[in-house]
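Worksheet: one structure, shown below.
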Amino acid sequence: MGKTTVSLIKADVGSVPGHAVVHEKILETERKALEEAKRSGLLIDYYVTNCGDDSELIMTHREGVDSPKIHKLAWDAFIAAANAAKELHLYGAGQDLLKDAFSGNVKGMGPGVAEMEFTERRAEPVLFFMMDKTEPGAFNLPTYKCFADPFNTAGLVIDSSCHAGFRFEIWDIIEHKKVFMECPAELYDMLALVGAKSRYVIKRVYPKPGGKLPENEPVACISTDKLYQIAGEYVGKDDPVGVFRAQSGLPAVGEVLEAFSFPHLVSGWMRGSHNGPLMPVAQKNAKCTRFDGPPRLVCLGFQLADGKLVGPTDMFDDPVYDFQRKEAAKIADYMRRHGPFEPHRLPPEDMEYTTLPKVLKGLEPRFKKIE
Ligand code: F6R
Ligand code: MG
Ligand code: MG
């Protein structure tokens, strides 16, 4: 059996009403495209869902990462879905499809991608995290906690197969550079970078050499596509996704989820211009209604069986997270009371690609020099 590739490719191709939820017709159109690809043998398996206004295509195959065939499949599915969205006059129909012609890879074309190729273990738990109304950096804190914080992941302390720690691939998404860092040895250096989450984002996590898992096969991968940099002007937030493997030498499913349960402040929310709490919810509750938010997080868990997707289990559909949801709602309320003031509204450098500069431009002639 060859290696398995797991691809999660997402895009906002229209929703109802406004930027709230993907219409069933869109999901149906995407399922049809992926079902045909499964029948033709290109896909081993697939699962289509949504997180708020984003369509999420979960796919397994043997084509490896960055496969033009798989990316074209996703692109064509989104195009068909965008056409269905246009017929229904859905809001933002085709919003994330920024180019007219497909050029071999969806990267830089609008959709977000998280994919990994790896040797499937006999029992391979995989968690798919999907966020709406936020940015890729929203993954930094939970990914750090999951793979580097012993107060979150007990296995780092008490399981010899996790004890060596992990290797992180960090991207500078402004200067398009990357760096690898080993934890725990370089923990403080890594935090110096990834604490600045709007610039430095964790892209992948790898096992250390000499452990149970091959050192060159990632164990987590996060989408890092910055929509505003692609489009040149604001066309919506990136709404990132991440794929995390778990158990036997990796953080347990419960340790991964524990890292994501804290409703930390992320940027996005209304007009991609506000800080607010990331609320972990059941898939059916990924519905950004209050001030187009607060930002939501969904997690679907599967077991892989030779590439087949066994599941899903809707991981945050559990009353144990009611407290975190309540806390998130409380923080959302507190942040909202700041109205247009920072730190609820983002600082000027993060507003550069929103609609704000046009407003400020109109005020320019009114300014006089202070003598
Ligand atoms: C946030 C988001 C929404 C919109 C807002 C205004 O990522 O998509 O909050 O920014 O609803 O949308 P438009 O400009 O389409 O009226
Ligand atoms: Mg939208
Ligand atoms: Mg969205």
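Just follow the structure's listing: the first ligand is 1, and inside any ligand the first atom is 1.
Interface atoms of ligand 1 facing M270, defined by a heavy-atom separation under 4.0 Å, are 9 (O). Each of the following atoms of ligand 1 lies closer than 4.0 Å to a heavy atom of Y91: 13 (P), 15 (O), 16 (O).
No close placement of the Y200 and W171 rings is indicated, their centers lying 6.0 Å or farther apart. In summary, the aromatic rings of H344 and Y334 are positioned with their centroids too far apart to meet the 6.0 Å limit. Checked against the 6.0 Å centroid criterion, the rings of H274 and F291 qualify as a close aromatic pair. Side-chain rings of F260 and F129 approach one another, their centers coming within less than 6.0 Å.
With a 4.0 Å heavy-atom cut-off, ligand 1 is reached by the side chain of H19 but not by its N, CA, C or O. For K133, every heavy-atom contact with ligand 1 shorter than 4.0 Å involves the side chain, none the backbone.
D53 contributes atom OD2 as its closest N/O/S atom to the Mg ion (ligand 2). Between the Mg ion (ligand 2) and the N, O or S atoms of D12, the shortest distance is to OD2. No other N/O/S atom of H19 lies as close to the Mg ion (ligand 2) as ND1 does. The minimum distance between the Mg ion (ligand 3) and any N, O or S atom of D239 involves atom OD2. Restricting D132 to its N, O or S atoms, the one at the least distance from the Mg ion (ligand 3) is OD1.
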Enumerate, atom names and distances included, each donor-acceptor pair closer than 3.5 Å involving a side-chain atom of residues 305-314, sequence neighbours excluded.
| unit_1 | atom_1 | unit_2 | atom_2 | d |
| --- | --- | --- | --- | --- |
| D314 | OD1 | Q283 | N | 3.4 |
| D314 | OD2 | Q283 | N | 2.8 |

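For the Mg ion (ligand 2), the set of nearby N, O or S atoms under 2.8 Å includes none belonging to D54.
With hydrogens and angles left out, the side-chain atoms of T49 and E56 include no donor and acceptor closer than 3.5 Å.
Contact between G272 and ligand 1 is present, with at least one heavy atom of the residue lying under 4.0 Å from the ligand.
In terms of polar-atom proximity, D53 is not counted as a contact of ligand 1, lacking any N or O under 3.5 Å from an N or O of the ligand.
Ion pairing between a basic and an acidic side chain is recognised when a charged N comes within 4.0 Å of a carboxylate O; D53 and K133 show such pairing.
Below 30°, between 30° and 60°, or above 60°: for Y47 and F302 the angle between ring planes is above 60°, a perpendicular geometry.
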